[in-house]
Amino acid sequence: MSQVLEGLNPEQLEAVTLPHSSALILAGAGSGKTRVLTTRIAWLIQTGQVSPLAIIAVTFTNKAAREMLTRISAMLPINTRGMWVGTFHGLCNRMLRAHHREAELPQAFQILDSADQLSMVKRVMRGLGVDDEKYPPRQAQYFINANKEEGLRAPAVEAVDDFSRHLLDVYAAYDAQCNREGVVDFAELLLRCFELLQNNELLRTHYQSRFKHILVDEFQDTNRLQYLWLKLLAGSTSTIIAVGDDDQSIYAFRGARSGNMLEFEHDFGVGKVIKLEQNYRSHGNILDAANALIRNNRARLGKNLWTAEGKGEPLRLYEAATDVDEAAYILEEVRALQGDGVGLSDMALLYRSNAQSRVLEHALFNAAIPYRVYGGLRFFERQEIKHALAYLRLIANPEDDGAMLRVINFPTRGIGNRTLEQLQAGALNSGSSLWHSACSNPPAGRAGSAIAAFVRVIESMRNATEGLPLPEVVEHVIEASGLVNHYRKEREGADRVENLEELVNAAAAFVAEEGLAVYEADSANAPTTNADEQAIELEPLTAFLAHASLEAGENQAAAGADALQLMTVHSAKGLEFHTVFISGLEEGLFPHENSLNEEGGLEEERRLMYVAMTRARRRLYLSHAQTRMLHGQTRYNVASRFLDEVPQELLKRLGAAVPSLATGFASGEVMSRQRGKPVTVGGFRIGQHVLHPKFGSGVIVQAEGSGGDARVQVNFRDDGLKWLALEYAKLLPV
DNA sequence: TACCTCCACGTTTTT
DNA sequence: CGTGGAGGTA
């Protein structure tokens, strides 16, 4: 028996050693799914069943892909280079580079990130003369992506009304412009790759027979197009091992369809679904609470986590008077835990939406507790970095109008809007790129010479960097472009200069580490029907630019000392901590009010809560505030319904159980206590919890009038905000 | 061209 | 309340 199998539980073992048939593995939180995936790969190879070249493993994030490669390397003394392990986008990129001609792309095609895509959409809309008031570019961008992710090109989409007809025009023109410039967006990577396999039988059968084993992580997050791509790649001879957890599907809002799991079972004739239900992360009480909560969802495949460990501590529920009070409480507990030896970085402070972090950060900052907020700007998304990349893109491909527009006047060179308009008109007239138009028929006069100067800058950069190693190319460009000089002169530019220098290091690291290897790997001994695949020799610069687009860098503030982890529940997925604080558990916030009108919205919110709870290993805090400042006004919120769905015997209640004027309305009283004493209207006061025969329970948020005209606004847990006349409404104080 | 003021807006996010 | 984008002015 192979030693990689040691220590697996029966279900894990079954999943790892499945025969060559497609399977669905329902893997709960903390059940060792990554271990199962990597061990299966190791087992397949070690037992000599398949060559590493016959395996393709797909993930959603680069982090997950790296983790997988690291673990495989630890188990097997082989070079993992020939193995295709990566994200959907990364793998499609790899395939498209190898077969760029068949895909009708330049080999050095550039990848647009969301921001690049948006500016392209804006540009196209301006060209078409579409009113961007009536058709917000963001919406057009969403429209394009949503359709691509359904596998639909513009001509395949049916226009149902005038509005969608306009958006379709934009979609078509946008695609045409991308083709002209030789650029692709994220969704295009997948769609183009899908179409490549669909239209080219030779390539399709080649890859279908090569990749005998397809393994997919986080399968519940696949969208329509990703599923179609997988299906096409599998053909009739390959098998797919799909690992996922429908209870952790929290990305429906961006097109993920956990329904793909059911469809997969059907399409691939999956007989038995393997369930990994033993949890190796959390104590029993935490799991019992999470299980009880998620049982309230109807749309489930069904699964119940258990642990061999003890029940552990009860969950702690804190009811705070205000958001500030909530923060103060959390801070106190963090300090106490720190005293007990729990590291700050082993504690996470979670919230539903980013706006909630401010109050928490403020409190932490004042208390001088180190913290780290996830979800800020990432390295390759920074302004100065994008500028530098735009120069590099222009060197690699002068047809790239987006790059040209970004830097033609940055640093400023006296090329204003007027000149730019002339240039764009010229390009539009001749149907060519801006660069071409700038070279062949530049505008007359001063503007013309400014443009000629810019053209010379780019050309001399291209000449000077030809044949240089990548880091030196980058170094030359950040200097010769004038970027470094520009930011040196700026007041707050020091950080930006530093980042530009860091870009040189990033390029050096890229060359030294993986970098190009991925593109070269196949040449060794891949059985191939295609000459291209054997000789992928990508320019280092092109590869680096693709890397920059596909991996925007760490999604967090600078790593470093031991720090408390602050993040949204979404970004916490996949992580675990000794202690987890889930804050803002209030109706309207979590579940978020916007979700209540959406089909399946509440269930997605509940899965989100489930994900949040299952992050905790040992201790879980749940908290809510009666009063919270949001969008500049004080809101009174009822406790989240999710708190009622947790068995009460698992909870230890702390804090104010009953709202009281003394503690409860530090900020509310500014409004309600105008003349030294609390305003009461017909025996009710603002912030009071009430019961209505039809609408159920709620909280009084505002009041106006008096006597017979007295009206109060109540925030009902189920029906939202309503104005009620006290004379008629049968309100009961709670 | 740079700065400033005003206004609108305000889930979740990876590639 | 805070931010970010747009538009206007020096």
Side-chain angles (χ1 to χ4, degrees), chain A residues 58-65 86-93 111-118 122 132-133 136-138 142 145 148-149 184-191 193 217-218 221-223 225-226 249-256 323-324 350-359 361-362 374-378 380-381 409-419 489-491 546-555 567-574 584 588-598 601 604-605 607-609 611-612 628-635 667:
Chain A
V58 198
T59 64
F60 275 86
T61 65
N62 293 299
K63 196 176 157 200
T87 62
F88 278 99
H89 296 85
L91 296 169
C92 287
N93 171 52
I111 301 165
L112 304 183
D113 69 12
S114 309
D116 298 333
Q117 184 188 31
L118 184 61
K122 283 181 182 163
D132 61 358
E133 292 275 294
R138 286 205 168 278
Y142 172 83
N145 290 337
K148 286 191 179 183
E149 282 166 7
V184 301
D185 58 55
F186 289 133
E188 182 72 21
L189 279 173
L190 274 147
L191 182 52
C193 187
D217 192 17
E218 304 277 17
D221 286 338
T222 51
N223 62 33
L225 179 57
Q226 285 159 341
S249 161
I250 56 174
Y251 286 112
F253 72 92
R254 64 171 198 218
D323 48 354
V324 176
L350 309 184
Y351 35 81
R352 174 64 179 80
S353 62
N354 286 305
Q356 286 166 252
S357 76
R358 190 175 304 127
V359 180
E361 284 186 65
H362 186 77
Y374 282 67
L377 248 201
R378 300 151 94 205
F380 287 108
E381 291 168 354
N409 199 35
F410 194 97
T412 51
R413 318 186 154 82
I415 301 175
N417 271 340
R418 284 255 304 286
T419 316
K489 277 186 279 180
E490 223 177 40
R491 280 163 288 140
H547 167 80
S549 298
L550 289 173
E551 191 162 1
E554 286 293 295
N555 191 252
M567 65 191 91
T568 63
V569 178
H570 281 92
S571 12
K573 191 177 167 201
L589 260 189
F590 198 180
H592 197 278
E593 50 202 354
N594 295 358
S595 71
L596 299 178
N597 309 317
E598 290 161 17
E604 176 137 326
E605 294 289 307
R607 289 192 293 271
L608 207 43
M609 180 67 181
V611 167
R628 179 179 299 276
M629 185 74 123
L630 201 68
H631 304 327
Q633 54 178 341
T634 310
R635 286 183 28 153
S667 54

Nearest-Å distance, [atom1] ([X]) to [atom2] ([N])?
X      : N      : atom1 : atom2 : result
A:Q356 : C:dG2  : CD    : P     : 16 Å
A:N145 : B:dT13 : CG    : P     : 17 Å
A:E218 : B:dT13 : CD    : P     : 15 Å
A:D221 : B:dT15 : CG    : C1'   : 13 Å
A:L630 : C:dC1  : CG    : C1'   : 9 Å
A:R378 : B:dT15 : CZ    : C1'   : 8 Å

Angle between ring planes, A:Y251 versus A:H570, binned at 30° and 60°: parallel, tilted or perpendicular? tilted
Within the structure provided, determine whether A:D116 and A:I111 are in side-chain contact (heavy-atom separation under 4.5 Å). no
For nucleotides 4-10 of chain C, print each protein N/O atom paired with a nucleotide N/O atom at under 3.5 Å, atom names and distance only.
none

Apply side chain to side chain donor-acceptor pair (under 3.5 Å) to the pair A:E598 and A:S595, showing each step before the final yes or no. CA-CA 5 Å; A:E598 290 161 17; A:S595 71; 6.0 Å; no
How is [X] classified with respect to the nucleic acid when contacts are heavy atoms under 4.0 Å: base, sugar-phosphate, or nothing?
X      : value
A:S114 : base
A:N409 : sugar-phosphate
A:D113 : nothing
A:G414 : sugar-phosphate

Would B:dT12 be called syn or anti, given that syn covers angles within 90° of 0?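 Nucleotide B:dT12 adopts anti.
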Rounding to the closest angstrom, what is the interatomic distance between C:dG5 and B:dT12 at atom P?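 Result for the P pair: 16 Å, nearest Å.
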Scan nucleotides 5-12 of chain B against the protein and return all N/O pairs shorter than 3.5 Å with their distances rounded to 0.1 Å.
residue	atom	partner	partner atom	Å
B:dG10	N3	A:H631	ND1	3.1
B:dT11	O4'	A:H592	NE2	3.4
B:dT11	O4	A:E598	OE1	3.4
B:dT11	O4	A:E598	OE2	2.6
B:dT12	OP1	A:N354	N	2.7
B:dT12	OP1	A:N354	ND2	3.1
B:dT12	O4'	A:R352	NH1	3.0
B:dT12	O2	A:R352	NH2	3.2

Output, in order, the C-alpha distance, side-chain angles, deciding distance and verdict of side chain to side chain donor-acceptor pair (under 3.5 Å) for A:N145 and A:Q117. CA-CA 10 Å; A:N145 290 337; A:Q117 184 188 31; 2.8 Å; yes
Side chain of A:M629 only, please: which of B:dT15, C:dC1, B:dA2 is the nearest? C:dC1
